[in-house]
There are 2 protein chains.
Amino acid sequence: MPERDHLYLRLAVDLVILTVRDDALQVLTITRANKPFRGQAALPGGFLREGEDLVGAAVRELHEETGLDGRGLHLEQVEAYGEPDRDPRGRIVSVAYLAMMPNLPLPTAGSDASTAGWTPVARATGLAFDHDRILADAVERARTRLEFTTLATAFCGADFTIGDLRNVYEVVWGQPLDPRNFNRKVLGTEGFVEPTGGKRMPEVGRPAALYRAGGATRLNPPILRTDRHG
Amino acid sequence: MPERDHLYLRLAVDLVILTVRDDALQVLTITRANKPFRGQAALPGGFLREGEDLVGAAVRELHEETGLDGRGLHLEQVEAYGEPDRDPRGRIVSVAYLAMMPNLPLPTAGSDASTAGWTPVARATGLAFDHDRILADAVERARTRLEFTTLATAFCGADFTIGDLRNVYEVVWGQPLDPRNFNRKVLGTEGFVEPTGGKRMPEVGRPAALYRAGGATRLNPPILRTDRHG
DNA sequence: CCAAAAGTGTTCGCTTTACACCCATGG
DNA sequence: CCATGGGTGTAAAGCGAACACTTTTGG
């Protein structure tokens with residue numbers, strides 16, 4: 001039923017999956033197997049299919065291209081990108097999604113999955129399409145999310161210490177924080193973390209209490225970076 | 001060049017144009033002239049065309065449906081909506097844009113434009129498609145924007161008083177503010193407003209100094225609502 | 001004079017920040 | 001003992017909420 005002035009196009013979903021690894025903020029990238037940009041690094045993603053939700057497409061593509069199970073992951077829409085010439089294959093509008101996950105080994109099983117890997121955000125330049133810009137937007141969004149939500153816990157495993165959580169903030173923000181004040185701020189925010197009762201023995205130093213993510217979503221009051229963006 | 005698993009669809013752009021009018025937050029709506037939802041209120045919007053930018057489509061549709069010139073308006077992307085059944089005409093993904101403008105009379109010239117009008121947000125329910133949800137998301141975004149950016153000035157004309165600006169905050173947030181503290185907060189934020197030197201005589205009371213929008217974009221420190229959302 | 005809105009000064013209390021200090025472990 | 005990171009106490013500084021008070025107009 002195409003009509004006059006009605007442009008038909010394809011819709012892509014691109015994924016910015018972030019983790020904290022080796023004291024650096026890293027992004028999940030794939031090496032493109034097909035043209036255009038064959039052999040070049042890109043964000044994982046793919047085309048929306050019939051009957052599929054945007055988030056559903058994101059979860060499916062994540063699994064197909066990296067072997068990861070995206071269910072349970074907090075997938076947050078960043079923005080839609082629609083410049084007419086952003087994709088040489090034709091008119092393709094892309095919706096970017098952001099997720100944060102703990103530092104887990106990537107499955108190496110699947111065929112497509114074999115090309116997926118972590119890249120430090122600081123060195124992730126020259127990506128295919130307009131993925132440099134998408135990545136920059138998503139990282140800025142993630143930095144803001146740490147200020148106002150409890151999503152930093154998404155970077156940690158099931159159990160973590162306050163030091164682990166502080167490390168997430170320091171790495172994502174690229175800014176050192178006072179360990180003592182950070183401790184109080186986190187523990188003083190109801191629902192941010194819950195003690196598990198366990199302890200973790202470090203290589204050196206006093207054992208640290210273990211926590212898991214609490215029920216709260218929003219941080220009130222927020223934990224603000226002093227170095228304001230903009 | 002359609003391939004397997006590549007869904008072709010149409011992309012719509014929907015507009016949430018807000019203003020403050022009669023001490024109420026109001027949204028620009030149209031009455032649909034075509035099916036589906038013929039005769040029902042909806043947000044202005046339309047389909048993306050060939051070679052067109054997302055923002056370009058938003059500006060064009062705004063002009064076609066309301067007669068307004070969207071150039072110069074701060075159009076901010078809110079979100080993309082992609083539920084498979086959100087539009088009975090077929091698979092249509094919509095990208096919503098938000099803009100804030102002063103209380104100007106709407107052009108009544110154009111044929112399509114004749115159905116455009118302002119509706120108080122509080123009474124704007126039962127809109128076509130999923131526009132109720134889009135409106136709610138956009139309004140929440142606007143409320144947050146007032147906290148962290150200088151966009152409240154977009155609701156005012158070229159010249160305005162601090163009282164005018166405070167009224168914008170009070171109406172959009174639905175919450176009274178202390179006039180004295182608000183005054184200092186605004187004037188103490190560099191680049192928020194600039195004095196024009198003029199004064200405005202009210203019907204009753206002391207004349208108020210006039211200001212215009214300053215060069216700043218972000219509010220640092222922010223002006224936070226006490227009634228936290230969520 | 002009074003009413004009403006604009007604008008200034010000041011106090012109180014909380015949050016943030018900076019840092020001294022103690023705790024618990026391995027070597 | 002020392003080094004290292006975890007955790008508590010505390011005082012100073014900064015900021016926002018509340019409100020007394022002055023200013024400038026029209027009636």
Side-chain angles (χ1 to χ4, degrees), chain A residues 20 23 146-148 152-153 156 159-171 173 175-190 192-212 216 218-228, chain B residues 20 23 146-148 152 156 159-171 173 175-190 192-212 218-228:
Chain A
V20 171
D23 284 341
L146 293 207
E147 293 187 298
F148 297 98
T153 58
C156 300
D159 289 15
F160 53 88
T161 69
I162 304 293
D164 293 339
L165 194 62
R166 177 167 49 83
N167 189 247
V168 166
Y169 274 87
E170 292 181 330
V171 164
W173 285 352
Q175 174 186 112
L177 298 175
D178 187 305
R180 300 156 293 186
N181 292 335
F182 183 83
N183 233 286
R184 251 178 315 219
K185 230 167 199 171
V186 171
L187 296 180
T189 301
E190 188 144 8
F192 195 175
V193 297
E194 290 173 356
T196 68
K199 289 196 182 305
R200 179 191 296 167
M201 302 294 173
E203 296 184 358
V204 58
R206 171 178 170 174
L210 286 173
Y211 298 85
R212 59 175 150 261
R218 294 183 190 270
L219 279 186
N220 197 3
I223 301 179
L224 299 172
R225 350 172 214 177
T226 51
D227 170 25
R228 295 304 284 143
Chain B
V20 172
D23 284 340
L146 293 206
E147 292 188 300
F148 297 99
C156 301
D159 289 17
F160 53 87
T161 69
I162 304 294
D164 293 340
L165 194 61
R166 176 167 48 82
N167 188 248
V168 166
Y169 274 87
E170 292 182 330
V171 165
W173 286 353
Q175 173 186 112
L177 297 175
D178 186 304
R180 301 155 292 188
N181 292 333
F182 184 83
N183 233 286
R184 252 177 315 220
K185 231 167 200 171
V186 170
L187 296 179
T189 301
E190 187 144 10
F192 195 175
V193 297
E194 290 173 355
T196 66
K199 288 197 183 306
R200 179 190 296 167
M201 301 297 172
E203 296 185 357
V204 59
R206 172 176 171 175
L210 286 172
Y211 298 86
R212 60 175 148 261
R218 293 183 190 269
L219 280 186
N220 197 3
I223 301 179
L224 299 173
R225 349 171 215 178
T226 50
D227 171 24
R228 295 304 284 144

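Note that the structure is predicted; figures quoted are calculated from it, not measured. Reckoned from all heavy atoms, side chains included, excluding hydrogens, waters and symmetry mates. Just so we're on the same page: letters track the sequence lines, and every chain starts at 1.
- In this structure, B:Leu165 atom CG and C:dA6 atom C1' are separated by 15 Å, rounded to whole Å.
- On the nucleic acid side, DNA chain D contacts chain B at distances under 4.0 Å to non-hydrogen atoms, with the end points of that region at D:dG16 to D:dG26.
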Per-nucleotide protein contact along nucleotides 11-20 of chain C, 5' to 3', at a 4.0 Å heavy-atom cut-off (B base, S sugar-phosphate only, - neither), is -----SBBBB
Between B:Lys185 and B:Phe192, does the side chain to side chain contact (heavy atoms under 4.5 Å, CB included) criterion hold? Intermediate values first, please. CA-CA 10 Å; B:Lys185 231 167 200 171; B:Phe192 195 175; over 6 Å; no
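- B:Val186 is not listed as a side-chain neighbour of B:Arg166, based on a closest heavy-atom distance of 4.5 Å or more.
- Residues A:Pro195 and A:Leu210 are not in side-chain contact: their nearest non-hydrogen atoms beyond the backbone lie 4.5 Å or more apart.
- Contacts between residues 192-206 of chain A and DNA chain C, defined by a heavy-atom separation under 4.0 Å, are made by A:Glu203, A:Gly205, A:Arg206.
- For B:Thr161, the side-chain hydrogen bond (donor to acceptor under 3.5 Å, both in side chains) partners at least two apart in sequence or on another chain are B:Asp164.
- Scored by the salt bridge (Lys or Arg N to Asp or Glu O under 4.0 Å) test, A:Arg184 finds no partners at all (sequence neighbours excluded).
- Within the 4.5 Å cutoff, side-chain heavy atoms of A:Ile223 are placed close to those of A:Trp173.
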Check against side chain to side chain contact (heavy atoms under 4.5 Å, CB included), A:Gln175 and A:Thr226: CA-CA 9 Å; A:Gln175 174 186 112; A:Thr226 51; 3.8 Å; yes
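- Between A:Tyr211 and A:Phe160, the distance from one ring center to the other does not fall under 6.0 angstrom.
- In this structure, the CG atom of A:Asn183 is 14 Å from the C1' atom of C:dC22, given to the nearest Å.
- Partner of A:Phe148 under the side-chain contact (heavy atoms from CB on, under 4.5 Å) criterion, chosen from A:Leu219, A:Asn220, A:Leu224: A:Leu224.
- Not counting sequence neighbours, the partners of B:Asp178 by the salt bridge (Lys or Arg N to Asp or Glu O under 4.0 Å) test are B:Arg180.
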